[in-house]
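Lettering of chains follows the sequences in order, A, B, ..., and the numbering in each one begins at 1.
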Protein chains: 2
Amino acid sequence: MELSERKLKILQAIIDDFIFSAEPVGSRTLSKKYQLGISPATIRNEMADLEEMGYLTHPHTSAGRVPSDRAYRLYVDHLMSRYNLPGEQQASIRAKLTDHFNELNKTIEKAAGILSEITHLTSFALTPKSETNKLKYINLLPVDKRSIVLMIVTETGKVTNTVLKLKQPYEEEKLQLLSKLMTYNYKGKELTDILTVDIIKNVEGEIEALSRLMENIMPEFLRTLENMLNTELYMEGLTNIFSFPEYNDIDKAKMFLGMLNKKEHIARVLDERADGIMITIGAENPDDEMKDCSLITATYRVNGKLIGKLGVIGPTRMEYDKVTSVMEFMTDNLSKAFKIPEDTDSSKEG
Amino acid sequence: MELSERKLKILQAIIDDFIFSAEPVGSRTLSKKYQLGISPATIRNEMADLEEMGYLTHPHTSAGRVPSDRAYRLYVDHLMSRYNLPGEQQASIRAKLTDHFNELNKTIEKAAGILSEITHLTSFALTPKSETNKLKYINLLPVDKRSIVLMIVTETGKVTNTVLKLKQPYEEEKLQLLSKLMTYNYKGKELTDILTVDIIKNVEGEIEALSRLMENIMPEFLRTLENMLNTELYMEGLTNIFSFPEYNDIDKAKMFLGMLNKKEHIARVLDERADGIMITIGAENPDDEMKDCSLITATYRVNGKLIGKLGVIGPTRMEYDKVTSVMEFMTDNLSKAFKIPEDTDSSKEG
DNA sequence: GTTAGCACTCTTTAAAGGTGAGTGCTAACC
DNA sequence: GGTTAGCACTCACCTTTAAAGAGTGCTAAC
């Protein structure tokens with residue numbers, strides 16, 4: 001069966017109404033509220049067709065119709081119109097995003113907050129993952145007799161430091177020498193390579209006197225490198241779901257929040273998502289626990305190299321048009337904010 | 001009226017039973033389950049007295065008795081016995097806490113996780129707040145043509161860095177010079193003093209050539225200092241409340257989670273709590289939103305100077321004995337883990 | 001002082017009946 | 001042939017009613 005113009009109009013009306021009201025839509029309501037120019041009976045006939053085609057479902061005989069995942073998919077792909085963010089809101093988002101612009105993690109966290117605030121959904125933000133990240137230099141700095149700061153800087157401008165406690169006191173010159181040696185050895189190498197390849201031996205061999213200091217520092221150095229490769233997940237608006245009637249059931253709310261509680265899992269799911277705006281509706285989600293939800297993700301870039309994710313999760317009944325537009329706007333602005341200005345290159349890691 | 005030995009015994013039994021079952025306790029149950037050696041009728045008489053004294057309440061005429069806040073207060077202060085953590089659990093906690101011992105924030109976060117896991121409650125952990133924290137040195141390091149790393153180290157070993165984008169290129173020697181100048185000026189000063197006192201002018205006057213560079217760095221420097229004074233709040237086990245029958249009501253759950261969502265508020269509440277183990281029960285909480293909850297907090301110390309908090313929140317019906325013992329054990333271990341070893345002094349700030 | 005007995009209260013659960021929204025079908029209409 | 005009015009039917013939802021059960025408070029006897 002073909003989807004006639006009229007069927008599409010009816011379907012759109014049902015989806016619009018249901019997204020707004022969360023109540024099954026009846027033929028009477030439809031003909032009264034929307035200017036379709038046909039009677040409830042005709043609408044009923046069309047609805048029966050739409051149901052047969054898999055676009056609508058029926059909670060029970062005497063209830064109105066509810067859009068299926070398939071209907072939302074059609075809506076998202078063909079029916080929905082662009083939502084335009086009001087000018088002031090655009091300005092306000094921009095302002096909030098650039099407020100902390102050189103504290104990358106803070107900005108990302110803020111982005112998640114803004115997103116959940118605007119969409120009233122639960123939002124995620126994943127900090128950038130380095131597709132390639134080479135080491136620029138290593139610096140060892142004195143703190144006190146037995147503590148030093150290990151500082152690692154990558155070519156993309158990511159900086160991390162760790163305070164190390166040493167087993168025995170050190171000499172400051174040795175520290176400087178070791179910084180230079182390590183930098184000399186690791187400079188330009190991929191972080192992941194440093195983790196696996198055993199270049200350590202080389203350095204250890206080179207200058208006998210440093211080997212002890214080296215031994216002290218190495219484990220923490222490797223551990224820090226690993227941490228640098230990790231992304232951070234921010235989640236906001238967890239309790240927003242309570243404003244959705246679909247989660248009035250305590251068990252549903254419990255399940256939903258339980259699912260979101262598995263942070264590593266969520267991070268993995270986000271990480272595996274495609275570039276750009278990606279929408280998965282209900283059963284389209286590979287994840288069983290998300291079968292009643294829709295997940296929308298978008299990507300932003302830092303310096304064009306690092307890719308971060310922004311996401312939103314909620315009931316399949318959501319304002320897809322608004323949500324996608326907001327997310328597009330936000331990732332665009334994030335990417336812009338984190339772009340290399342002129343010839344320089346920098347970012348921040350708190 | 002005096003609290004006779006027998007009344008205490010009955011009260012204890014009621015509290016024990018209610019903490020376990022969450023159901024109002026009746027006289028029959030009481031006489032059957034606990035060896036009190038008296039009949040239900042006698043128990044009823046005593047319960048009527050206890051109710052008159054404010055230790056028990058009555059949800060309705062034909063229900064059993066429920067302990068009041070006052071009863072819990074008595075229980076906590078006089079009746080409850082010490083709970084001994086099983087040896088393996090002690091060992092496991094210790095292992096988990098020392099696993100990341102020189103990444104302070106990670107350890108604190110982990111502590112919150114462990115606490116919520118053991119108590120099945122919602123837990124908090126506040127990273128240490130510096131009662132006094134003097135600046136040790138400032139380091140400005142080159143990243144690329146227009147980006148530098150600003151690194152701040154305090155006497156307690158807290159380290160922070162920020163990447164700065166400069167408006168114009170810089171010379172490396174100037175950077176080193178400025179590092180030394182800033183260190184010279186700010187060394188030994190309280191972070192809070194640096195924020196308020198206008199020492200900047202001095203430096204600016206001293207060496208004309210550096211003033212531009214200085215201008216670029218100063219705002220971010222001050223902002224970073226402010227951030228260093230901030231504490232971080234970790235919260236775990238938010239969804240644990242769903243396992244408590246008192247939160248089977250969706251509105252109650254909503255309220256509870258809504259309250260916990262105000263992170264700054266929670267952080268402030270925790271911050272204001274007294275040293276050591278502190279228990280506030282129901283209406284004892286100054287906060288209206290916590291009138292149905294009990295809050296237990298404990299403090300740990302880092303290097304004896306910085307004070308951090310660990311906390312747990314849940315229904316007034318909770319296993320006070322177990323919870324307090326666990327928290328005591330954990331803060332003891334945290335304080336030990338973060339203590340200065342021998343003569344050195346260090347900690348970590350990721 | 002303690003206890004058995006009993007009337008009474010009040011929640012909880014189940015069943016029953018009524019209501020209303022909405023459908024599906026049929027027959028008439030244009 | 002598509003469209004529409006009419007009507008019987010279904011089913012969730014609400015209210016009412018009844019019955020069951022837990023527990024109390026009081027009284028009188030031990």
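- Distance, B:N45 CG to C:dG5 P: 16 Å, rounded to whole Å.
- B:E46 places its CD atom 13 Å from the P atom of D:dG25, with the value rounded to the nearest Å.
- Regarding A:L50, its CG atom lies at a distance of 13 Å from the P atom of C:dT23, rounded to whole Å.
- Here the side chains of A:P24 and A:H60 are not in contact, with every heavy-atom distance at 4.5 Å or above.
- Near-neighbour residues of DNA chain C inside residues 57-64 of chain A, defined by a heavy atom below 4.0 Å, number-ordered: A:H58, A:T61, A:S62, A:A63, A:G64.
- Stem analysis of DNA chain D (Watson-Crick or G-U pairs, both distances under 3.5 Å, runs of at least three) returns C:1-30 with D:1-30.
- The CD1 atom of A:I38 sits 22 Å away from the P atom of C:dC29 (whole-angstrom rounding).
- Between A:F18 and A:Y72 there is a side-chain heavy-atom pair separated by less than 4.5 Å.
- Here the C1' atom of nucleotide D:dA5 and the CZ atom of A:R28 are 13 Å apart, to the nearest Å.
- When the P atom of C:dG22 is taken as reference, atom CG of A:D17 falls 10 Å away, rounded to whole Å.
- Distances shown here put every side-chain N or O of B:R44 at or beyond 4.0 Å from the OP1 or OP2 atom of C:dT2.
- Qualifying side-chain contact (heavy atoms from CB on, under 4.5 Å) partners for B:A48, counting only residues two or more places apart in sequence or in other chains: B:R65.
- Computed from coordinates, the B:D49 CG to D:dT24 C1' distance equals 14 Å when rounded to whole Å.
- Using a 4.0 Å cut-off between charged side-chain N and carboxylate O, A:K291 and A:D288 make a salt bridge.
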Checklist line | Stepwise side-chain contact (heavy atoms from CB on, under 4.5 Å) test for A:Y75 and A:L11 | finding: CA-CA 9 Å; A:Y75 174 78; A:L11 188 56; over 6 Å; no
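- Put simply, B:T42 has a side-chain N or O that comes within less than 4.0 Å of OP1 or OP2 on C:dT3.
- When the C1' atom of D:dT24 is taken as reference, atom CE of B:M47 falls 8 Å away, rounded to whole Å.
- Residues B:H78 and B:L8 are not in side-chain contact: their nearest non-hydrogen atoms beyond the backbone lie 4.5 Å or more apart.
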Next item on the list: Could you go through the side chain to side chain donor-acceptor pair (under 3.5 Å) check for B:T280 and B:R273 one step at a time?
Entry: CA-CA 10 Å; B:T280 46; B:R273 295 226 129 201; 2.3 Å; yes
Item checked: Chi angles and distances behind the side-chain contact (heavy atoms from CB on, under 4.5 Å) call for B:D249, A:I250 -> CA-CA 7 Å; B:D249 180 5; A:I250 192 100; over 6 Å; no
Next item on the list: Before giving the answer on side chain to side chain donor-acceptor pair (under 3.5 Å), spell out for A:Y34 and A:D17 the whole-Å C-alpha distance, their side-chain angles and the decisive distance to 0.1 Å.
Entry: CA-CA 10 Å; A:Y34 302 83; A:D17 203 79; 2.7 Å; yes
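- Of the side-chain N and O atoms in B:R65, none sit less than 4.0 angstrom from OP1 or OP2 of D:dA22.
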